Amino acid sequence: MTDRQGGVRGWFAARKGVWSRLRFTSLRLRLVVVFGLVALTAAVSASGIAYWLNREAVLRRTQDAVLRDFEQQMQNRAGLLPQEPTQDELQHTAGQMANSSQRFSVLLVAQNTADSPLYGSSGGLDGFTLADVPKSLRTAVNEKQKVNSTNKSEYRLYWQRIVVDDTPYLIAGSRVNGGGPTGYMLKSLEQEAKDLNSLAWSLGIATGLALIGSALLAQAAATTVLKPVQRLGVAARRLGEGKLDTRLRVSGTDELADLSRTFNNAAEALEKRVDDMAARDEASRRFVADMSHELRTPLTAITAVTEVLEEELEAESGSMDPMIEPAVRLVVSETRRLNDLVENLMEVTRFDAGTARLVLDNVDVADQITACIDARAWLDAVDLDAERGIMARLDPRRLDVILANLIGNALKHGGSPVRVAVRAADDSVVIDVRDHGPGIPEDVLPHVFDRFYKASASRPRSEGSGLGLSIALENAHIHGGEITAANSPEGGAVFTLRLPQDASELAEQTNNGNNTNGTKKGDV
């Protein structure tokens with residue numbers, strides 16, 4: 001059953017792929033349709049003209065031969081009959097006229113001595129009769145014409161095409177000049193109609209073959225024209241995926257070849273530009289990392305000295321000269337700030353270089369927040385609303401960095417008390433950090449996570465470095481989470497941290513994929 005379902009799904013997938021390639025928005029389909037319409041129009045027009053010309057030629061040739069023969073028979077045989085022929089004479093003459101080479105039916109009409117009509121038909125009395133002759137034709141045949149220099153005959157030959165029981169006929173009539181019987185002729189055009197039907201079928205088959213040939217030709221032309229376009233599309237997608245070494249094979253001197261060369265030139269220029277930018281970025285990161293490394297050694301010594309000075313400040317003996325005490329406190333404060341800045345720069349460098357790693361552990365989120373607040377002596381300034389038992393598999397050290405930056409930022413720039421709330425939602429852990437300060441200006445909100453960004457340009461020096469929130473956001477991203485900043489309707493700023501309850505899969509991808517190299521260069 002499973003194999004059958006898989007086969008059905010595969011069939012539908014294949015059909016869907018065919019229809020997706022044949023959608024009307026496809027240039028290939030439009031080319032085939034246009035070629036087909038042009039070929040169909042040309043073939044139908046040519047076939048229609050050919051059929052009409054052949055039809056007229058066949059009918060006129062047959063018609064002219066029959067009418068010429070009938071006219072000769074009327075002159076040579078009906079013209080020899082007396083003014084008042086008998087029934088037998090009419091019948092005999094009609095039979096002789098019908099035996100001509102054209103093989104048509106003949107009806108002769110004359111008047112006897114009693115001025116009654118006499119009929120002679122080549123098919124007998126039940127054959128071709130006067131009732132078969134259209135009234136309009138009879139009227140035209142019996143109409144006497146004026147004889148003049150341009151018209152030397154009193155009576156003319158008239159003809160007409162009729163259809164009886166789906167069979168076409170040619171019917172004609174004439175009267176012997178100078179007095180004599182009136183003759184009518186009936187000729188079946190069934191053989192000519194069959195010939196014309198055969199011609200129509202032949203032209204229809206030729207039109208169908210022309211349509212099929214045009215479709216195949218359009219397909220071949222579309223393949224020839226669109227193959228470079230498809231390669232260009234594939235190359236553009238690869239370029240968009242970051243495979244900047246993608247190039248097109250160039251052959252020929254046509255417009256498509258020029259387009260391929262232009263694409264290759266653009267891709268080469270883009271690759272060079274990106275390589276240059278990557279080299280400069282790498283040099284910048286290396287400079288920051290090297291600078292931070294170099295600063296750590298003298299900072300270690302300076303930190304040791306400041307710790308001694310700090311102990312002297314806190315000693316009760318009062319050995320510190322009151323005149324230099326403010327300077328010593330400034331040195332201690334700035335040394336700590338410099339230490340934090342160097343550590344933050346080292347952390348930023350690790351994120352930029354892609355060497356940051358997750359060390360996961362199962363943690364109780366409430367306990368982790370409590371430990372973070374207690375370690376920094378913020379218990380009196382922070383209200384915690386978190387139930388124990390909300391477990392998550394995260395990196396405890398990086399979670400502590402995130403919380404310390406968010407809560408510390410709220411304490412420094414917001415208003416007390418700072419409230420931290422924790423909840424579980426959709427396989428995620430959501431932590432809200434809210435202060436009761438004036439909030440964040442609307443023009444500052446889009447930039448709160450930017451590096452070295454400070455809301456007040458008039459106070460460039462502050463206790464922070466402008467890297468804390470940026471580092472917190474990077475640590476959230478490496479977990480697969482997110483941090484958003486907003487203003488609460490009740491006043492104050494709210495930072496919302498959302499982390500997955502299990503970051504194991506992302507941790508494996510991060511630890512294994514940070515140093516993945518690009519694909520090898522290849523032409524499309």
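What you see is a predicted model; the values in this text were computed from it and never measured. Residue indices begin at 1 and follow the sequence shown.
- In summary, D276 and K272 engage in a salt bridge, as defined by a charged side-chain N under 4.0 Å from a carboxylate O.
- Using a 4.5 Å heavy-atom cutoff, the side chains of H477 and E482 are in contact.
- Salt-bridge annotation for E271 and R247: present, with a side-chain N of the basic residue lying under 4.0 Å from a carboxylate O of the acidic one.
- Remark: the backbone N or O of A472 is not paired with any side-chain donor or acceptor of N405 at under 3.5 angstrom.
- Side-chain atoms of H479 do not come within 3.5 Å of backbone N or O of L499 as any donor-acceptor pair.
- Side chains of R498 and I431 form no contact here, defined as non-hydrogen atoms less than 4.5 Å apart.
- Counting heavy atoms from C-beta on, the side chains of S428 and Q501 never come closer than 4.5 Å.
- The shortest non-hydrogen separation linking L394 to P500 is CD2-O, 3.3 Å.
- Contact check for V401 versus I471: side-chain heavy atoms found under the 4.5 Å cut-off.
- In terms of heavy-atom proximity, S47 sits nearest to L203 at O-CD1, 3.3 Å.
- With values rounded to the nearest 0.5 angstrom, W378 atom CH2 is found 9.5 Å from L403 atom CG.
- Heavy atoms only, all atoms of each residue included: C372 and A404 are closest at SG-N, 3.7 Å.
- The number of heavy-atom neighbours closer than 6.0 Å to CD of E241, taken from other residues, nucleotides and ligands shown, is above 12.
- Salt bridge absent: R419 and D435 never bring a charged side-chain N and a carboxylate O closer than 4.0 Å.
- Summarising the local packing, CG of D427 is surrounded by 12 or fewer heavy atoms from other residues, nucleotides or ligands at distances under 6.0 Å.
- For the pair V363 and M391, the minimum side-chain heavy-atom distance is 4.5 Å or more.
- Judged by distance alone, the side chain of N487 and the main-chain N or O of I440 form a donor-acceptor pair under 3.5 Å.
- To the nearest 0.5 angstrom, Y51 atom OH is 10.0 Å from E56 atom CD.
- None of D258, N264, N265 except one satisfies the side chain to side chain donor-acceptor pair (under 3.5 Å) rule with R261; the exception is D258.
- You'll find the side chain of Q368 reaches within 4.5 Å of the side chain of P396, heavy atoms only.
- The number of heavy-atom neighbours closer than 6.0 Å to CG of N362, taken from other residues, nucleotides and ligands shown, is above 12.
- For the atom pair CG (L379) and OG1 (T370), the distance works out to 8.0 Å, reported to the nearest 0.5 Å.
- The pair R397-D400 fails the salt-bridge criterion, with no side-chain N (NZ, NE, NH1 or NH2) lying under 4.0 Å from an Asp/Glu carboxylate O.
- Rounded to the nearest 0.5 angstrom, S214 OG and L209 CG are separated by 10.5 Å.
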